[in-house]
Amino acid sequence: MMVWVRKIHKWASLLVGLQMLIWVGSGIAFNMLDHKKASGNTYRAQATYSHTTNATTDLLPVEQILDTFPNTIELKHTSLLAQSYYLLTTQKGLYRRSTNTYTLVNALTGAVTSIDQKLASAIAKASYQGPGEITSVNLLLNPSDDFPKFANPSWQVNFDDELATTVYVEQGSGSIIGHANSNKRFADFVFMLHFMDYNQAGSFNNVQIILFAFVTLWLTLSGLIWTIYMLSNGKFRLKKW
Amino acid sequence: MTKTKLNKKKPLKLFNISHKLHKWLMLFIGVQFVIWSVTGAYMVFFDIDYIHGDSLVHTHQQKINPKNLTYSSKALFERYPAANNLSVGLLVDVEVYRFNVGKRQYIINARTGEQLSPITKKHANTIATHAYTGDGTITNTQLISRTPPFSVSPRHLPVWQVDFDHFSAPTLFIAANNGKVVVKRHQFWYLFDWMFRFHIMDYGDEQDPNNWLLFFIAIFALIATLSGLVLTYFKVIKAKLRKNKQKQQADKRSVGEQL
């Protein structure tokens with residue numbers, strides 16, 4: 001039996017040995033990472049809820065809005081840049097990051113508002129307290145590399161600070177998806193290595209890691225049996241180590 | 001003569017050191033490698049969305065019927081002048097207003113104006129059954145108002161815990177003051193959580209990968225892995241190359257003999 005254990009250990013190590021090194025190395029990197037820095041929120045302004053919308057008499061009644069937009073699953077009173085809006089959900093996902101479809105309606109005038117480049121820049125700027133200025137604004141219809149699990153279209157607002165901060169604004173709702181910067185991108189890169197997530201899906205359930213994890217099981221279990229065998233045969237002697 | 005001797009000796013030394021390092025280090029930390037591979041395999045084999053219980057709940061797409069808002073928002077604001085963050089949605093099949101006054105959340109039936117929050121046990125069961133995708137029956141429902149289990153954030157309190165009869169023991173947690181399914185758990189999640197703690201060697205309470213135990217073990221693990229790679233090089237790659245060379249030479253010789 002030991003012949004087979006040795007054979008399995010040898011060949012499994014050939015298949016996954018280098019990845020083992022990457023796993024341990026990136027694991028140590030996680031251990032040493034400053035997770036606060038790696039969150040990407042270095043220049044994020046604290047959200048101010050002081051101006052949360054009170055139900056003033058100025059607002060259009062929700063009944064009128066719902067009559068105009070009969071496809072609404074949920075209506076939410078919200079505010080963007082201190083301006084009142086009704087956010088209507090017309091297709092609902094399980095999470096905010098899942099596929100959702102929204103209609104944004106000005107709560108004072110009833111006008112449908114779309115988050116255009118100008119508005120997105122202003123929203124991004126309000127959430128930003130760093131020294132940088134906006135250099136470019138792009139509309140992304142597919143998930144961004146910084147937030148790969150966020151399914152909905154977004155405005156990517158780039159700042160020219162030393163951390164290369166990017167603010168993502170959801171196109172449908174105008175809400176902030178998140179901030180990303182070079183620290184977060186480095187952490188994401190380490191995660192990508194650890195999860196073998198080479199197509200950056202933000203997931204560790206990919207085929208390559210499942211295969212490698214399977215082979216690694218054979219490697220460590222054969223190693224375990226080998227060690228137990230050596231122990232029981234007196235192969236661990238301090239004198240002749 | 002001496003030169004060839006030196007050349008021969010050097011790699012052997014590296015091999016011997018690696019062999020000893022690998023053998024002895026793995027005697028002490030090999031178990032952690034087994035733990036890493038078993039827990040890691042569990043985490044990559046099971047789809048994370050399944051672990052999170054995404055398949056346990058429906059995302060109903062039922063629309064609001066504006067005709068059902070017979071209790072007007074105007075009347076609502078007269079009753080709660082300080083109402084904040086108003087929303088209109090469906091609670092199972094009833095149009096409701098949700099809002100908060102200060103930190104307190106309210107649910108008001110938009111047809112009748114009746115206050116529904118905090119929701120009753122019976123109502124919690126109805127909401128849970130409406131959301132749940134499985135076909136098991138409810139085995140237990142209880143209100144948690146003070147110390148929640150570690151799997152539920154205290155910000156959701158007070159919360160109804162609704163357990164379903166199924167081998168994975170699914171539980172839906174429904175916030176008593178907004179009627180939404182705020183947390184969903186099943187055995188595979190608890191097992192995942194356990195696996196993750198073992199993976200990052202977190203034997204305390206906080207789930208923090210910045211712990212010293214992990215750091216030191218991982219540094220030794222790095223040496224053990226590197227020495228293992230050296231062994232792989234000598235035992236597999238180099239041995240194979242040598243064999244091929246011998247075979248080639250043997251082939252050559254046999255070819256030579258034939259000629």
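Letters A, B, ... mirror the listed sequences (proteins, then strands); counts begin at 1. Since we're looking at a predicted model, the values are computed, not measured.
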Evaluate the side chain to side chain donor-acceptor pair (under 3.5 Å) criterion for residues B/Ser87 and A/His77: first the C-alpha distance (whole Å), next the side-chain angles of each, then the deciding distance (0.1 Å), finally the verdict.
-> CA-CA 6 Å; B/Ser87 72; A/His77 189 190; over 6 Å; no

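- For a residue to count as touching a neighbouring chain, one of its non-hydrogen atoms must lie under 4.5 Å from one of that chain's; by this rule A/Lys149 touches chain B with the side chain only.
- Residue A/Gln64: no heavy atom, backbone or side chain, is found under 4.5 Å from chain B.
- Against chain A, the residues from residues 32-42 of chain B that qualify, each with a non-hydrogen atom under 4.5 angstrom away, are B/Phe33, B/Val34, B/Ser37, B/Val38, B/Ala41 in number order.
- If you tally non-hydrogen atom pairs under 4.5 Å between each of A/Leu75, A/Ile65, A/Leu66, A/Leu87 and chain B, the highest count goes to A/Leu75.
- In plain terms, the two heavy atoms of B/Val181 and B/Ala131 that are nearest each other are CG2-CB, 3.8 Å.
- Below 30°, between 30° and 60°, or above 60°: for A/Trp23 and A/Phe212 the angle between ring planes is above 60°, a perpendicular geometry.
- Between A/His194 and A/Phe30, a ring centre-to-centre spacing shorter than 6.0 Å is recorded.
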Test log, rule side chain to side chain donor-acceptor pair (under 3.5 Å), inputs A/Gln91 and A/Thr99 = CA-CA 8 Å; A/Gln91 185 196 347; A/Thr99 305; 5.7 Å; no

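- Most heavy-atom pairs under 4.5 Å with chain B, from the set A/Ile210, A/Val24, A/Ile73: that is A/Ile73.
- Under the 3.5 Å distance criterion, the side-chain polar atoms of A/Asn152 are left unmatched by any main-chain donor or acceptor of A/Phe150.
- Residue B/Leu231: no heavy atom, backbone or side chain, is found under 4.5 Å from chain A.
- Rounded to the nearest 0.5 Å, atoms CD1 (B/Ile223) and NE2 (B/His22) are 13.0 Å apart.
- Within the structure, salt bridge (Lys or Arg N to Asp or Glu O under 4.0 Å) contacts touching residues 69-88 of chain A (residues at least two apart or in different chains) are A/Glu74-A/Lys92, A/Glu74-B/Lys180.
- For A/Tyr229 and A/Arg6, the side-chain atoms include no donor-acceptor pair closer than 3.5 Å.
- B/His58 and B/His60 have tilted rings, their planes meeting at an angle from 30° to 60° on a 0 to 90° scale.
- Of the two parts of B/Leu27, the backbone and the side chain both hold a non-hydrogen atom closer than 4.5 Å to a non-hydrogen atom of chain A.
- Scanning all heavy atoms of the two residues, the minimum distance from A/Ser173 to A/Glu170 falls at OG-OE1, 2.7 Å.
- Heavy-atom distances place both the backbone and the side chain of B/Gln61 under 4.5 Å from chain A.
- Here the two rings, on B/Phe46 and B/Phe192, have centers that are 6.0 Å apart or farther.
- Only the side chain of A/Thr227 comes within contact range of chain B, with at least one heavy atom under 4.5 Å from a heavy atom of that chain.
- With a threshold of 4.5 angstrom between heavy atoms, A/Ile228 does not approach chain B through any atom at all.
- Aromatic ring centroids of B/Phe198 and B/Trp194 lie under 6.0 Å apart.
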Any chance you could lay out the ring-ring contact (aromatic ring centres under 6.0 Å, His included) test for B/Phe173 and B/His156, step after step, and finish with the verdict?
-> CA-CA 9 Å; B/Phe173 292 89; B/His156 295 307; 9.0 Å; no

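- Remark: the backbone N or O of B/Trp189 is not paired with any side-chain donor or acceptor of B/Asp193 at under 3.5 angstrom.
- If you check the side chains of A/Thr42 and A/Asn181, you find a donor sitting under 3.5 Å from an acceptor.
- Heavy atoms closer than 4.5 Å to chain B are found in both the backbone and the side chain of A/Pro61.
- For B/Asp49, the part sitting under 4.5 Å from any heavy atom of chain A is the side chain, from C-beta outward, and nothing else.
- Of the possible polar contacts, none joining the A/Thr103 side chain to the A/Leu88 backbone as a donor-acceptor pair under 3.5 Å is found.
- For a residue to count as touching a neighbouring chain, one of its non-hydrogen atoms must lie under 4.5 Å from one of that chain's; by this rule A/Tyr95 touches chain B with the side chain only.
- Looking at B/Val57, the atoms closer than 4.5 Å to chain A (heavy atoms on both sides) all sit in the side chain, from C-beta outward.
- Formation of a donor-acceptor pair under 3.5 Å by the B/Asn211 side chain with backbone atoms of B/Ile200 is found in this model.
- A salt bridge does not link A/Lys184 to A/Asp146: none of the charged nitrogens lies less than 4.0 Å from a carboxylate oxygen.
- Between B/Ala175 and B/Val159, the shortest heavy-atom contact is N-CG2, 3.8 Å.
- For B/Leu76, no part sits under 4.5 Å from any heavy atom of chain A, backbone or side chain.
- Counting all heavy atoms, side chain and backbone alike, B/Ile29 lies closest to B/Ala224 at CD1-CB, 4.3 Å.
- Of the residues considered (A/Leu221, A/Asp67, A/Leu219, A/Thr90), A/Asp67 shows the highest number of contacts with chain B, using heavy-atom pairs under 4.5 Å.
- Between chain A and the options B/Met26, B/Lys63, B/His199, the largest number of non-hydrogen pairs under 4.5 Å is found for B/Lys63.
- Contacts between residues 199-206 of chain A and chain B, counted as heavy-atom pairs separated by less than 4.5 Å, involve A/Phe204, A/Asn205.
- Of all the listed residues (B/Glu95, B/Met43, B/His19), the one sharing the greatest number of non-hydrogen pairs under 4.5 Å with chain A is B/Met43.
- Of the inter-residue distances, the one linking A/Ser39 atom OG with A/Leu33 atom CG reads 11.5 Å to the nearest 0.5 angstrom.
- Below 4.5 Å, heavy atoms of chain B meet heavy atoms from A/His9, A/Lys10, A/Trp11, A/Ser13, A/Leu14, all part of residues 9-16 of chain A.
- Of the atoms belonging to A/Thr89, not a single heavy atom falls under 4.5 Å from chain B.
- The residue among A/Thr220, A/Leu18, A/Leu231 with the most heavy atom pairs within less than 4.5 Å of chain B is A/Thr220.
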